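My questions all concern the structure below.
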Amino acid sequence: MNLKTNVHALRGEIAVPGDKSISHRAVMFGALANGTTRVTNFLTGEDCLSTIDCFRKMGVAITQQGNEVIIEGKGIAGLKEPTHILNVGNSGTTTRLLLGILAACPFHACLIGDDSIAKRPMDRVTKPLKQMGAHIDGREEGRYTPLAIRGGQLQPITYHSPVASAQVKSAILLAGLHADGTTTVIEPHQSRDHTERMLRAFGADVCVDGLSVSITGRQTLRAIDIEVPGDISSAAFFLVAGAIVPNSEITLKHVGINPTRTGIIEVLKDMGAHISIENVRHEESEPVADITVRTSTLKATHIGGDIIPRLIDEIPIIALLATQAEGTTVITDASELKVKETDRIATVVSELRKLGAHIEATEDGMIIHGKTPLHANDVLVDSYGDHRIGMMLAIASCITKGHVTLQRPEAIAVSYPTFFDHLRMLQS
């Protein structure tokens, strides 16, 4: 795909698609609840459609019309043994959270995904689930897909997670929801809390004490209506675009501003971005707002420590932001990037260097020297099948002089099917 370069302004309003993390959970929790759950502003990206497909294969009646989804839940006892392999596609969230649910199901299931999923470590959830009593096997003793699982009677555990991961925490809590007794997960840093918030919305009692989250088993979920807020991880690309493209002003409507996800806003403000948050309101269990960003003069910063879990998916676009800031930006404590859809440290560095960025990889992050004009001479850049790398490169092209071609742009449909439509709207 030929990308438009040297854009003179981005102006207008857009509503980014529904939050991917919340859309996944809405389907899963709706399937586990008793009654009819209605979900609006559902993200119709490929990852979330994989979640719908998996639950349909387990006998859950799910209807979808555009971004509205209706789930007819019958509790965990209503799930049936699938007659076909559960294909999770490119979705790590589907894989890990589904394993937590299947751990309590007294039947056999097989999970498989694409080539990217086959490289991503699943033992971070299979190990604690085995401790609880699930029988799981797969490549390298359950480290990688394909995975086979037979669930059943589970015992509660107290699990000290070595990583701050909402997927790990959620998988264990979902298993704990159907175990005998109280299951506790303790994290080194706080990760996203969408699962805790949504469990409460569905009627479950969840106890949060600092970095510890506990749930007592054998609770029953009741169906609710959910409006999914806009995904701040998707909004991040246009927040950065508005800050670095000349003569720009972009308003993003109805964006989720969950405090465990707003690290990108804090970094933008710390670097001097002109950003305002208006019309803050709470819908169901999640806060939302409208966010406006304008072209800004930026300064370098250091990003590391507790904030990393709150912006881990935004680091590729933050790296681009840093190329346009005066000084040297250092990103540390982000080794988790190596086990995403790609090794995002390596791919960010390699692709931005093609555009003239002064950036180098470290063991757990990057060092970015700015302010650097980006340029290209018939350059081929590659998403490597990673949606966030693809979107970052599309935004980078807006401030690049020369000709840029993006390989594998279709990867972006995983989380933002209308990304290029919105980019063109703001350029017009």
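All values reported here derive from a predicted model rather than from experimental measurement.
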Margin query: How long is the straight-line distance from CG of L199 back to CG of L174, given to the nearest 0.5 Å?
Written below: 6.5 Å
Item checked: Side-chain heavy-atom pair H358, I368 within 4.5 angstrom cut-off -> no
Margin query: If I compare all heavy atoms of A334 with all of I345, which pair ends up nearest, and what's the gap?
Written below: O-CD1, 3.9 Å
Check: S212 side chain to D209 main-chain N or O, any donor-acceptor pair under 3.5 Å?
Finding: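 Not a single qualifying donor-acceptor pair exists.
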Next item on the list: Using a 4.5 Å cut-off on heavy atoms from C-beta on, say whether the side chain of I331 contacts that of I315.
Entry: yes
Notebook entry, point to check: So how far is it from T44 OG1 to L49 CG, rounded to the nearest 0.5 Å?
Noted result: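 Rounded to the nearest 0.5 Å, the OG1-CG separation comes to 6.5 Å.
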Notebook entry, point to check: Short question: side chain of Q64, backbone of G66 - any donor-acceptor pair under 3.5 Å?
Noted result: yes
Notebook entry, point to check: Going through the distances and angles, do E196 and K169 end up as a salt bridge (Lys or Arg N to Asp or Glu O under 4.0 Å)?
Noted result: CA-CA 10 Å; E196 298 95 300; K169 175 176 61 178; 2.8 Å; yes
Notebook entry, point to check: Taking C-beta and beyond as the side chain, do V288 and R281 meet within less than 4.5 Å on heavy atoms?
Noted result: yes
Checklist line | Minimal non-hydrogen separation, L3 against A394, with atom names | finding: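 Here L3 and A394 meet closest at CD1-CA, 4.0 Å.
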Item checked: Taking every non-hydrogen atom, the tightest pair across L111 and T95 ->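 Heavy atoms of L111 and T95 come nearest at CD2-O, 3.9 Å.
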Notebook entry, point to check: Hey, does I303 have a side-chain heavy atom less than 4.5 Å from the side chain of V267?
Noted result: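 When only atoms from C-beta onward are counted, I303 and V267 do touch, with a gap below 4.5 Å.
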Next item on the list: Quick one: do S170 and R192 satisfy side-chain hydrogen bond (donor to acceptor under 3.5 Å, both in side chains)? Show the steps, please.
Entry: CA-CA 10 Å; S170 299; R192 300 177 182 184; over 6 Å; no
Check: Below 4.5 Å, heavy atoms only, C-beta onward: do R353 and E360 meet side chain to side chain?
Finding: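 A side-chain contact under 4.5 Å exists here.
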Margin query: Tell me if a side-chain donor or acceptor on R139 pairs with a main-chain N or O of A118 at a distance below 3.5 Å.
Written below: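 Yes; judged by distance alone, with no hydrogens or angles, the pair exists.
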Checklist line | Counterpart residues, ring-ring contact (aromatic ring centres under 6.0 Å, His included), relative to F419 (two or more places apart) | finding: F238, Y416
Check: Ignoring hydrogens and geometry, is there a side-chain-to-backbone donor-acceptor pair from S161 to A164 under 3.5 Å?
Finding: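 Side chain of S161 to backbone of A164: no pair is present.
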Checklist line | Nearest heavy atoms of M198 and F29, plus distance in Å | finding: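 Scanning both residues, the minimum pair turns out to be CG-CD2, 3.4 Å.
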Check: With no hydrogens and no angle check, is any side-chain donor or acceptor of T323 less than 3.5 Å from a backbone partner on L320?
Finding: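 Yes, the answer is positive, given that a donor and an acceptor are paired below the 3.5 Å cut-off.
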Check: Going from CD on Q324 to CD1 on I244, what distance comes out if it is rounded to the nearest 0.5 angstrom?
Finding: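 If we round to the nearest 0.5 Å, Q324:CD and I244:CD1 are 5.5 Å apart.
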Check: Just by distance, do the side chain of R222 and the backbone of N34 share a donor-acceptor pair under 3.5 Å?
Finding: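 It does not hold such a pair.
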Checklist line | Between OH on residue Y159 and CD on residue E187, distance to nearest 0.5 Å | finding: 11.0 Å
Notebook entry, point to check: More than 12 foreign heavy atoms under 6.0 Å from NZ of K74: is that the case here?
Noted result: no
Notebook entry, point to check: Taking C-beta and beyond as the side chain, do V213 and V206 meet within less than 4.5 Å on heavy atoms?
Noted result: yes
Next item on the list: Mark yes or no for whether D364, through its side chain, and D333, through its backbone, hold a donor-acceptor pair below 3.5 Å.
Entry: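 Side chain of D364 to backbone of D333: a pair is present.
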Checklist line | Steps toward salt bridge (Lys or Arg N to Asp or Glu O under 4.0 Å) verdict (R56, D53) | finding: CA-CA 5 Å; R56 281 175 172 163; D53 180 65; 6.0 Å; no
Notebook entry, point to check: Closest heavy-atom contact between L154 and A175?
Noted result: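 Closest approach of L154 to A175, heavy atoms only: CD1-O, 3.6 Å.
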Could you list the donor-acceptor pairs under 3.5 angstrom formed between side-chain atoms of residues 125-136 and any protein atom two or more places apart in sequence or on another chain?
from	atom 1	to	atom 2	distance (Å)
T126	OG1	M122	O	3.4
T126	OG1	G142	O	3.1
K130	NZ	E141	O	2.9

Note to self: If you count every heavy atom of other residues, nucleotides or ligands that lies below 6.0 Å from K338 atom NZ, does the total exceed 12?
What the structure shows: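 Buried by this count: over 12 neighbours within 6.0 Å.
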Can you give each donor-acceptor pair under 3.5 Å made by side-chain atoms of residues 251-263, sequence neighbours left out, with the distance rounded to 0.1 Å?
from	atom 1	to	atom 2	distance (Å)
T251	OG1	T292	OG1	2.8
K253	NZ	D290	OD2	3.4
H254	NE2	E283	OE1	2.8
H254	NE2	E283	OE2	3.4
N258	OD1	T260	N	2.8
N258	OD1	T260	OG1	2.6
N258	ND2	D193	OD1	2.8
N258	ND2	E286	OE1	2.9
T260	OG1	D193	N	3.3
T260	OG1	D193	OD1	3.3
R261	NH1	D19	OD2	2.9
R261	NH1	H194	NE2	2.7
R261	NH2	D19	OD2	3.3
R261	NH2	D231	OD1	2.9
R261	NH2	S233	OG	3.0
T262	OG1	P259	O	3.4
T262	OG1	R310	NH2	3.4

Check: At what distance, to the nearest 0.5 angstrom, does OG1 of T405 lie from CG of L393?
Finding: 12.0 Å
Check: Given S415 and K20, is the side-chain hydrogen bond (donor to acceptor under 3.5 Å, both in side chains) satisfied, shown in steps?
Finding: CA-CA 7 Å; S415 63; K20 185 155 73 85; over 6 Å; no
Margin query: For A179, is there any backbone N or O sitting under 3.5 Å from a side-chain donor or acceptor partner on Q155?
Written below: no
Notebook entry, point to check: Do R25 and L97 have side chains that get closer than 4.5 Å, going by heavy atoms?
Noted result: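 A side-chain contact exists here, since the closest heavy-atom pair is under 4.5 Å.
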Next item on the list: Begin with the C-alpha distance, continue with both residues' side-chain angles, and end with the deciding distance and a verdict on side-chain hydrogen bond (donor to acceptor under 3.5 Å, both in side chains) for E68 and N41.
Entry: CA-CA 6 Å; E68 182 173 351; N41 200 36; over 6 Å; no
Next item on the list: Test salt bridge (Lys or Arg N to Asp or Glu O under 4.0 Å) on R38 and E227 and set out the steps.
Entry: CA-CA 8 Å; R38 291 176 174 83; E227 182 177 6; over 6 Å; no
Check: If you count the non-hydrogen atoms of other residues, nucleotides and ligands that lie under 6.0 Å from CG in D115, is the total more than 12?
Finding: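 Not buried by this count: 12 neighbours or fewer within 6.0 Å.
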Checklist line | Reported CD1-to-CG distance for the pair I291 and N279, which is rounded to 0.5 angstrom | finding: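 Taking CD1 in I291 and CG in N279, the distance rounds to 11.5 Å.
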Checklist line | Any donor-acceptor N/O pair, K354 side chain to L380 backbone, under 3.5 Å | finding: yes
Notebook entry, point to check: So, the side chain of R197 versus the backbone of S285: is there a donor-acceptor pair under 3.5 Å, distance only?
Noted result: yes
Checklist line | Least distance between heavy atoms, P82 atom then A109 atom | finding: CG-CB, 3.9 Å
Margin query: Between H178 and Q219, is the side-chain hydrogen bond (donor to acceptor under 3.5 Å, both in side chains) condition met? List the steps.
Written below: CA-CA 7 Å; H178 303 101; Q219 299 186 61; over 6 Å; no
Notebook entry, point to check: Can you list the steps and then say if D313 with K340 is a salt bridge (Lys or Arg N to Asp or Glu O under 4.0 Å)?
Noted result: CA-CA 9 Å; D313 285 338; K340 292 289 185 177; 3.4 Å; yes
Margin query: Is there a side-chain contact between I308 and H189 in this structure, where contact means two heavy atoms from C-beta onward sitting under 4.5 Å apart?
Written below: no
